[in-house]
Amino acid sequence: MFVVSRRNIILPGPNGERFKMEKDYMGPVPAWAEDSAYLKALAADGKVILSERGTDKDFGRQSKKQKNVAE
């Protein structure tokens, strides 16, 4: 899974693992983070954008959805 972070975020993981995403981070997340309820909540709040493929088209659609919800 590919993610774009709009804020500084630390994802807590199993066994004390942590995955740090700085603001404007673009890249993959660890496998354990893909099903994280916290990551899904961040996506619902618009703090991160998730994409299965990481294409520009996916991010454009999700960014528009977030703007429409905010307006």
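A continuous path of Ile, Leu, Val, Met, Phe, Trp and Tyr side chains, each step under 4.5 Å between heavy atoms, connects Val3 with Tyr38, placing both in one hydrophobic cluster.
In this structure, Leu39 and Val48 have side chains that are in contact, with non-hydrogen atoms separated by less than 4.5 Å.
Nearest approach of Lys47 to Ile9, heavy atoms of both residues: O-CD1, 4.3 Å. Scanning both residues, Leu50 and Met1, for their nearest heavy atoms gives CD2-SD, 3.9 Å.
To the nearest 0.5 Å, atoms OG (Ser36) and CG (Leu42) are separated by 7.5 Å.
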Sequence neighbours left out, cut at 3.5 Å: what donor-acceptor pairs do the side chains of residues 11-33 make with other protein atoms?
residue: Glu17; atom: OE1; partner: Trp32; partner atom: NE1; Å: 3.3
residue: Tyr25; atom: OH; partner: Pro28; partner atom: O; Å: 2.6

